Amino acid sequence: MLAQAHDHYDHVADDAKVRLITESLLLTAIRDWLRKLGIASYDRVNTRDGKALPLVGTFAWDLSAPSYLAPMLKYSKDGAGKNGFVACDVLLGTRIDSAGIKPFIHKCQTLRRLRNVGTCLQIFVADRYTGDAFQDAKRAGVIPATPASLFGHEVAEGLAQLTQVLRKAAASILEPNDFDSLFKKFGRIEGAAIQLRGTLFEFLTADIARKSMSHTSIRMNHKFKADQREAEADVVVIRDNSDVLMIECKGYSPYAEIPDDLFNRWLQHNVPTCYKAARSHPDWQNLPLKFEFWGTGKLSPASLALFQGAKSTINPNRYTIDLRLGQEVLHQTELTKDFKLVEILQKHFMPARSVPVAAEIEF
């Protein structure tokens with residue numbers, strides 16, 4: 001089936017990517033909700049996007065956390081209390097029917113039969129359910145939730161809007177008003193604004209590269225493997241028979257400092273891993289390789305010193321590294337001659353008083 005036509009299933013992959021990004025933001029909201037209500041241990045809520053796989057028993061979940069609420073505790077004969085758990089799976093973009101909820105119910109019921117596993121509060125979150133699916137979940141002791149029932153209609157609408165914005169962004173259609181609305185709707189959720197800003201900056205960077213660099217093809221979130229190590233390039237710009245540029249994107253508040261560990265990982269892990277993998281790529285192995293770090297926040301003196309030290313020791317015949325921060329990103333955006341891109345960057349990723357008003361920029 002995959003051999004039917006070139007890129008025949010690319011739209012399926014794009015839709016899946018959009019859904020996973022939206023679900024990640026939903027999981028951030030659920031984590032915030034569990035913390036604020038004290039249902040879960042504050043610093044031990046794991047999601048599928050973290051370093052550790054969220055586990056309860058022998059099952060993986062989209063989110064899991066220990067809970068020390070009184071109804072969740074089990075006491076042994078010596079009076080020691082054993083904590084319970086919260087486990088949650090999410091699925092957006094489709095209506096859940098009886099057949100759709102059945103695997104989750106089976107998973108929950110199997111977990112309850114395992115010995116030495118504490119009491120578990122089990123939650124499934126979807127956009128909507130059929131009446132039968134909703135009742136099946138209730139009878140099985142599972143909470144069938146929706147974004148609206150958990151967080152209200154504004155956040156639910158924001159998630160639906162985010163899906164549409166990301167689909168448009170993948171098609172190189174970016175609107176300033178969309179960004180305004182999304183930041184407003186998710187601003188009250190701890191961590192959501194940071195996550196949203198980073199995701200949107202990746203799409204923004206891809207569009208800037210597409211419109212300011214000629215004869216290119218663009219790939220996003222491309223994973224590379226070499227020497228049993230894995231790294232991801234946020235944006236890969238392939239210029240025909242010329243070179244390959246891999247961009248690391250860090251869309252932060254312009255007043256925030258990009259953490260040293262994130263920059264160090266790009267420089268010391270991502271760059272060498274992607275380089276080695278690219279050198280074994282049949283189409284790229286003989287092309288010059290370039291790596292750039294694009295950020296809208298600030299780098300610490302330690303990170304800047306590390307970069308300068310690495311840049312001075314790297315053989316440019318192997319690959320090059322470079323930085324684009326703040327004004328350099330703005331300059332590259334202006335080369336697109338796209339007023340909307342400049343407005344988005346100025347309004348949401350640049351210091352309020354350090355750049356000219358977008359309307360005053362002449363192309």
Side-chain angles (χ1 to χ4, degrees), residues 2 7 9-10 12-25 27-28 31 45-55 59-64 89-90 166 170 191 194-195 197-203 205-206 209 217-238 243-252 258-295 299 303 306-307 310-311 313-315 318-323:
L2 291 174
D7 295 336
Y9 288 95
D10 276 8
V12 179
D14 290 341
D15 284 346
K17 177 183 175 183
V18 167
R19 177 177 63 81
L20 291 172
I21 291 173
T22 307
E23 288 177 357
S24 292
L25 199 64
L27 289 168
T28 298
R31 180 182 63 190
V45 183
N46 293 325
T47 70
R48 68 188 186 197
D49 301 310
K51 295 180 181 179
L53 194 65
L55 294 172
F59 292 100
W61 310 78
D62 290 335
L63 177 149
S64 71
D89 280 348
V90 302
L166 293 178
I194 296 174
Q195 185 177 347
R197 192 182 299 274
T199 297
L200 294 177
F201 185 65
E202 290 180 13
F203 281 92
T205 299
S217 61
I218 306 293
R219 300 181 185 179
M220 292 186 64
N221 307 116
H222 194 89
K223 289 183 170 59
F224 296 90
K225 293 182 179 180
D227 296 335
Q228 299 182 334
R229 300 201 303 177
E230 182 176 310
E232 180 178 279
D234 294 331
V235 177
V236 179
V237 184
I238 306 152
D243 57 49
V244 178
L245 168 64
M246 301 187 190
I247 304 174
E248 179 78 5
C249 305
K250 288 292 177 269
Y252 273 64
I258 299 171
D260 288 344
D261 60 335
L262 294 182
F263 184 79
N264 294 353
R265 180 172 175 81
W266 169 73
L267 192 59
Q268 298 176 346
H269 174 83
N270 289 18
V271 169
T273 302
C274 293
Y275 168 77
K276 190 156 189 177
R279 280 292 170 245
S280 63
H281 192 289
D283 298 328
W284 303 348
Q285 56 187 355
N286 296 319
L287 293 178
L289 294 175
K290 300 179 180 180
F291 296 89
E292 292 185 357
F293 186 96
W294 289 29
L299 286 177
S303 289
L306 184 68
F307 172 78
K311 188 176 179 67
T313 58
I314 290 174
N315 182 351
R318 298 178 68 226
Y319 62 88
T320 63
I321 59 173
D322 210 344
L323 281 178

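Heavy-atom basis, side chains included; hydrogens, waters and symmetry copies ignored. Everything numeric in this text was worked out from a predicted model, so none of it was measured.
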Steps toward side-chain contact (heavy atoms from CB on, under 4.5 Å) verdict (Phe203, Met220): CA-CA 8 Å; Phe203 281 92; Met220 292 186 64; 3.9 Å; yes

side-chain contact (heavy atoms from CB on, under 4.5 Å) evaluation trace for Asn270 with Arg265: CA-CA 6 Å; Asn270 289 18; Arg265 180 172 175 81; 3.9 Å; yes

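Ring pair Phe224/Trp284 is tilted by interplanar angle, where 30° to 60° counts as tilted. Tyr319 and Phe291 have perpendicular rings, their planes meeting at more than 60° on a 0 to 90° scale where under 30° would count as parallel.
In this structure, CD1 in Ile238 is found 9.5 Å from CG in Leu287, a value given to the nearest 0.5 Å. To the nearest 0.5 angstrom, Thr47 atom OG1 is 8.5 Å from Asp62 atom CG. Taking CG of Asp15 as the start and CG of Leu20 as the end, the distance is 11.0 Å to the nearest 0.5 Å. To the nearest 0.5 Å, atom CG of residue Leu267 and atom CG of residue Leu262 are 13.0 Å apart. Atoms CG and SG, from Asn221 and Cys249 in turn, are 8.5 Å apart once rounded to the nearest 0.5 Å. Rounded to the nearest 0.5 Å, atoms CD1 (Ile321) and CG (Leu289) are 13.5 Å apart.
The two residues Phe201 and Trp294 make their nearest non-hydrogen contact at CE2-O, 3.6 Å. Shortest non-hydrogen contact noted between Arg279 and Gln285 is NH1-O, 2.9 Å. Closest of all the heavy-atom pairs between Ala277 and Ala226 is N-CB, 4.0 Å. Closest of all the heavy-atom pairs between Pro54 and Arg48 is CG-N, 3.6 Å.
Side-chain contact between His281 and Val244: absent, with no pair of heavy atoms (C-beta onward) separated by less than 4.5 Å. Looking at Thr199 and Leu166, their side chains come closer than 4.5 Å, going by heavy atoms from C-beta outward. Side-chain contact between Leu323 and Phe263: present, with at least one pair of heavy atoms (C-beta onward) separated by less than 4.5 Å. Ile21 is listed as a side-chain neighbour of Lys17, based on a closest heavy-atom distance under 4.5 Å. Inter-residue side-chain proximity for Leu245 and Glu292 is flagged as met; some heavy-atom pair is nearer than 4.5 Å. Looking only at side-chain heavy atoms (C-beta outward), Phe307 and Leu299 stay at 4.5 Å or farther from each other. Between Glu230 and Thr273, the closest side-chain pair of non-hydrogen atoms is not below 4.5 Å.
With hydrogens and angles left out, the side-chain atoms of Asp260 and Ser303 include a donor and acceptor closer than 3.5 Å.
Between Lys250 and Glu248, at least one side-chain nitrogen of the basic residue sits less than 4.0 Å from a carboxylate oxygen of the acidic one, meeting the salt-bridge criterion.
Enclosure of atom NZ in Lys225 is not indicated, since only 12 or fewer non-hydrogen atoms of other residues, nucleotides or ligands lie within 6.0 angstrom.
Tested against Ile247 for a side chain to side chain contact (heavy atoms under 4.5 Å, CB included), the candidates Asp322, Ile218, Val236, Val235 yield a single pass: Val235.
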